[in-house]
Amino acid sequence: MEWVYIENISEYEGKEVEIKGWLYNKRSGGKLFFLLVRDGTGIIQAVVVKGEVDEKTFNLCEELTQESSLIVRGKINADRRAPGGFEIQVKEIELVHLAKDYPITPKPHGITFLLDLRHLWLRSRKQQAILRIRHEVIRALRDYYDERGFVLIDAPIFTPSACEGTTTLFETQYFGTSAYLTQSGQLYEEAGAMAFGKVYCFGPTFRAEKSKTRRHLTEFWMLEPEVAYYDLDDNMDLAEDCISYVVQRVLDRKKEELKIIERDTSKLEKVVKPFPKISYTEAVNILKKNGIEFEWGNDFGGKDETIISNQFEKPVFVHRFPAAIKAFYMKRDPLDEKLALGCDLLAPEGYGEIIGGGQREDSLEILEKRIKEHNLPREAFEWYFDLRKYGSVPHSGFGIGLERVVAWICGLSHLREAIPFPRTIYRLSP
Ligand code: 4AD
Ligand code: MG
């Protein structure tokens with residue numbers, strides 16, 4: 001008998017097949033058992049009728065517990081009433097392993113309990129839908145850049161210096177000196193852009209975020225494109241084109257998963273370019289109009305971002321921030337030295353910043369000055385200065401926070417469900 005996956009079951013109507021999986025749930029009704037069997041690719045109802053199976057199989061159904069592993073053999077029938085449209089008429093069941101007291105029962109559980117059991121929670125239908133959407137977001141992002149001639153330049157994870165400020169650095173021992181886990185691959189992508197024109201990296205990044213918020217992880221994944229000869233406007237055009245592409249592709253290819261997590265997709269359908277673009281100063285005015293006391297020069301908090309993004313149906317760019325709250329590498333606005341040519345993209349529905357980036361400082365002299373102002377160790381940046389010594393050009397890039405994008409697309413209230421094994425200030429396990 002052929003071993004088949006549930007995701008392909010429609011090709012096997014009327015045929016006898018074998019499904020290898022686990023028991024998701026069961027119901028019984030006298031001479032009948034309805035087993036919900038999952039195999040990682042889907043769930044199918046297995047119908048066991050007394051008399052149509054041998055006694056051993058029928059008695060086994062009594063015994064079967066949630067998450068016991070089993071091999072089911074039988075005939076595939078189309079049935080409109082069955083979840084998924086097909087069911088398997090069981091001939092025989094082989095027990096592989098009997099699970100005893102699986103802790104995650106169909107009743108509701110608290111979030112801490114579920115996170116402690118993340119290694120098992122991954123088996124649930126909703127978590128699977130979310131992580132399949134995450135996979136599609138990653139594929140869409142990679143395809144987007146690969147199809148447009150960007151070269152993948154992997155950035156290192158051990159780094160000698162800070163990229164995004166020294167307060168969130170994870171320090172580790174490195175053969176007698178200190179190394180830091182990367183906060184961003186950006187500086188290396190700048191080197192890549194000067195070599196290849198347009199590049200990107202995609203990998204885990206680390207920040208010792210002491211704040212306990214639903215938007216922060218200590219380990220998260222970021223995709224960072226960098227393009228030589230791009231200015232701030234080119235950068236925002238690239239970012240909005242990319243995000244529109246990713247959202248529309250998930251809508252197109254992950255309909256079933258979006259249904260399982262009950263996502264209201266009408267809001268995502270509106271995410272097509274162009275996106276609105278407002279300056280930091282305009283954003284501050286929006287806050288004031290909404291009764292928030294906000295002083296020009298401060299950084300936006302989560303609540304501020306929500307109020308700003310709630311004014312729009314699409315993601316909104318905020319650009320030209322006060323230079324004082326931005327990183328050392330940002331180029332200043334030639335029209336106003338107080339401003340940095342940065343751009344953040346805020347997602348709708350209160351999901352906050354999903355992209356941060358901007359145009360980079362390309363003058364050696366100014367960059368040297370900024371490193372000093374930010375009290376960063378000059379030696380660690382000598383190589384970076386080389387990029388401004390040998391054929392410096394205007395260039396721009398940004399970082400897309402993968403879990404923020406997934407949480408938004410899935411409508412999750414917290415980033416912790418957007419990654420297989422979340423790391424936060426209080427969680428290093430499982
Ligand atoms: O805005 P950030 O800090 O920008 C950079 O790191 C730039 N060097 C990127 C670049 O220009 N190449 O981070 C980029 C994005 C944020 O917009 C957010 O989506 C995500 O990374 N992010 C986090 N996601 C989860 N947990 C955290 N603690 C995050 N910090 C940033
Ligand atoms: Mg940022």
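Positions are given from 1 along the sequence. Side-chain atoms are counted along with the backbone in the values below, which use heavy atoms only and exclude waters and symmetry mates. Order of listing sets the numbers, starting from 1, for every ligand and every atom in it.
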Measure centre to centre between the rings of [X] and [Y], then say whether the value is under 6.0 Å.
{"X": "Tyr5", "Y": "Trp3", "value": "yes"}
{"X": "Phe328", "Y": "Phe381", "value": "yes"}
{"X": "Trp383", "Y": "Tyr188", "value": "yes"}
{"X": "Tyr180", "Y": "Phe158", "value": "no"}

Is any N or O atom of [X], backbone or side chain, closer than 3.5 Å to an N or O atom of ligand 1?
{"X": "Glu226", "result": "no"}
{"X": "Leu415", "result": "no"}
{"X": "Ile400", "result": "no"}

Does the side chain of His395 pick up a donor-acceptor pair with the side chain of Glu190 at under 3.5 Å?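 A donor-acceptor contact under 3.5 Å links the two side chains.
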message: Assess, by modelled atom type and distance only, whether the side chains of Thr105 and Gln66 contain a donor and an acceptor separated by less than 3.5 Å.
response: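 Side chains of Thr105 and Gln66: no pair found under 3.5 Å.
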key: Near the Mg ion (ligand 2) (cut-off under 2.8 Å), count of protein N, O or S atoms   =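 The number of such protein atoms is 1.
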Nearest-contact summary for [atom] - protein heavy atom, Å:
{"atom": "atom 17 (O) of ligand 1", "answer": "Glu353 OE2, 2.6 Å"}
{"atom": "atom 22 (N) of ligand 1", "answer": "Phe220 CE1, 3.4 Å"}
{"atom": "atom 14 (C) of ligand 1", "answer": "Met222 SD, 3.4 Å"}
{"atom": "atom 18 (C) of ligand 1", "answer": "Arg404 NH1, 3.5 Å"}
{"atom": "atom 3 (O) of ligand 1", "answer": "Arg207 NH1, 2.8 Å"}
{"atom": "atom 12 (N) of ligand 1", "answer": "Glu224 OE1, 2.7 Å"}
{"atom": "atom 5 (C) of ligand 1", "answer": "Glu164 OE2, 3.3 Å"}
{"atom": "atom 4 (O) of ligand 1", "answer": "Gly356 O, 4.0 Å"}

| In a check of side-chain contact (heavy atoms from CB on, under 4.5 Å) between Ile133 and each of Ile260, Val405, Val250, which one passes? |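 Going through Ile260, Val405, Val250 one by one, the side-chain contact (heavy atoms from CB on, under 4.5 Å) with Ile133 is satisfied by Val250 alone.
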